[in-house]
Amino acid sequence: IFEYNGSALVAMVGKNCFAIASDRRLGVQLQTIATDFQRIYKIHEKIFIGLSGLATDAQTLYQRLVFRHKLYQLREERNMKPETFASLVSAILYEKRFGPYFCQPVIAGLGDDNKPFICTMDSIGAKELAKDFVVAGTASESLYGACEAMFKPDMEAEELFETISQALLSSVDRDCLSGWGGHVYVVTPTEVTERILKGRMD
Amino acid sequence: MSRRYDSRTTIFSPEGRLYQVEYAMEAIGNAGTAIGILSKDGVVLVGEKKVTSKLLQTSTSTEKMYKIDDHVSCAVAGIMSDANILINTARVQAQRYTYAYQEPMPVEQLVQSLCDTKQGYTQFGGLRPFGVSFLFGGWDKNYGFQLYMSDPSGNYGGWKAAAIGANNQAAQSMLKQDYKDDITREEAVQLALKVLSKTMDSTSLTSDKLELAEVFLSSGKVKYQVCSPESLSKLLASIGLTQPAAEAT
């Protein structure tokens, strides 16, 4: 079921910044039906979540997260920290332990003092924190390899963008279910840059 | 009058009144005033703070103004603990609507659903009504800017200008005289502050006795802004309403 729509997601940590990237294909098994599908969503200025896996579950899960996050914001009058948000996602996924959402989230955010935070989890909420990069989706095996090879610690925003883009594009080329370009967000304490990548359009 | 009829909320009196609801409105008549004015380009909400001790830790939280959702906010008059429950209920209702329909809840629907909750407490359960009145100010794409007033009975109405809390009758009649249909947001702020200063007990207005919030559109998005104490002081001075105690000319 995880391979029904196809997806590729990767997040990387740099020096006081992070980048999160996804592919743009939405397919129904082997047929491509959209080439501009958004998988990465902004929760607030400093937290982004990418949802891979079944697209309908990704959209519903995102809507539920917006619901919970907005109430949190109104009641606590502040934004959620990435670690807290990750725990929230994990709890929501585990609620459906015996009938899960077929999604694998990738969460990336800047915490207190703008320290970058990334994590991924499986579809029932097992958190996997990492210091360097996290991947998810049908292209995850190629992504693991590509990131391992290309990643260097403490990269600046520009270099991080190049690295994550190369890792994403080369991995989705080996996966028939993901591709049709890339969508990269590079987030620093001062700004968020969103870029669309043109890759092999297949 | 008839003592037998006022201890149960779910019973009418012989004259056809609900005493508990009326007593609740009495409770609100002792609370700080709040005024709302609808203008062409926004809604202005002003409130009088009753608790102004220096010992009170204010930080960022407000006493009278609350945000319900990105596009709706409210001013409160009455028992604060009751108000907190209702505000929470309103927030959850607004989010549930957004979750179901993926768009912001229309202001009137939000007011209506909150008032339905309030009405429930006047008809079943044997619980007392909420002792709070609200002034809701918000924007939606169907009707633009709107101002609603609701009271403990669960009744609500859309208003161009309204006042709740202490001296609300006096404030309401003053608003009726001075309100113009095509008032701008700045003029509305000035009018609200002027009316509030006339109905407040104290002689001079300082920024720590008031709260001012505005709901307006900014680059296509609805913004809810609470005025900071510094800008509020400047505003009061520019309208000529402050008489600070030790002012050297």
Side-chain angles (χ1 to χ4, degrees), chain A residues 5 26 34 36-51 54-81 84-85 87-96 99-103 105 112 191-194, chain B residues 45 56-76 80-81 83-105 107 110 113-114 134 136-138 140 211 213 215 218-219 221-229:
Chain A
N5 294 125
L26 177 71
D36 57 358
F37 188 65
Q38 189 186 16
R39 287 205 171 81
I40 300 178
Y41 299 99
K42 182 168 102 163
I43 299 290
H44 65 74
E45 286 311 316
K46 293 192 178 170
I47 297 187
F48 283 74
I49 180 167
L51 292 163
L54 197 62
T56 169
D57 282 355
Q59 285 176 336
T60 305
L61 185 62
Y62 168 65
Q63 287 162 13
R64 280 193 68 187
L65 288 170
V66 164
F67 180 98
R68 299 288 298 262
H69 177 256
K70 275 219 158 140
L71 281 175
Y72 182 98
Q73 247 182 342
L74 284 168
R75 286 181 189 145
E76 305 230 355
E77 294 179 357
R78 65 185 178 90
N79 283 329
M80 245 198 224
K81 285 193 255 197
T84 318
F85 184 70
S87 301
L88 174 66
V89 180
S90 175
I92 290 182
L93 290 172
Y94 196 80
E95 270 171 20
K96 302 268 182 218
Y101 288 109
F102 294 110
C103 283
D112 296 330
E191 56 160 5
V192 172
T193 341
E194 184 189 335
Chain B
L45 294 168
L56 185 66
Q57 267 219 342
T58 40
S59 60
T60 49
S61 53
T62 54
E63 188 190 304
K64 292 193 82 72
M65 306 290 166
Y66 293 94
K67 188 168 156 186
I68 306 287
D69 196 356
D70 291 328
H71 62 297
V72 180
S73 56
C74 70
V76 173
M80 287 315 299
S81 44
N84 282 332
I85 304 270
L86 284 172
I87 287 167
N88 204 38
T89 315
R91 285 174 174 167
V92 175
Q93 280 167 354
Q95 287 311 309
R96 275 212 203 110
Y97 183 97
T98 305
Y99 178 62
Y101 300 103
Q102 290 303 301
E103 56 171 47
M105 191 169 191
V107 188
L110 178 64
S113 82
L114 195 70
F134 286 105
F136 289 99
D140 63 36
E211 267 172 25
V215 179
S218 163
S219 40
K221 288 182 70 160
V222 189
K223 273 193 74 172
Y224 163 72
Q225 204 176 38
V226 180
C227 225
S228 67

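In the text below, chain A, chain B and the rest are named by the order of the sequence lines, each starting its count at 1.
The heavy-atom pair separating B:I68 from A:L74 by the smallest distance is O-CD1, 3.1 Å. Taking each heavy atom of A:T60 and B:Y99 in turn, the nearest pair found is CG2-OH, 3.6 Å.
The distance from atom NZ of A:K70 to atom NZ of B:K67, rounded to the nearest 0.5 Å, is 8.0 Å. Atoms CG and CG, on A:L71 and B:N88 in that order, are 7.5 Å from each other to the nearest 0.5 Å. One finds the OH atom of B:Y66 at 8.5 Å from the CD atom of A:E77 (value rounded to the nearest 0.5 Å).
Annotation: maximal heavy-atom pairing with chain A below 4.5 Å, among B:I87, B:T98, B:D70, occurs at B:D70.
A:R68 does not touch chain B: none of its heavy atoms, backbone or side chain, sits under 4.5 Å away. Using a 4.5 Å cut-off between heavy atoms, A:R75 contacts chain B through both its backbone and its side chain.
Within a 6.0 Å sphere centred on CD of A:E45, other residues, nucleotides and ligands contribute 12 heavy atoms or fewer.
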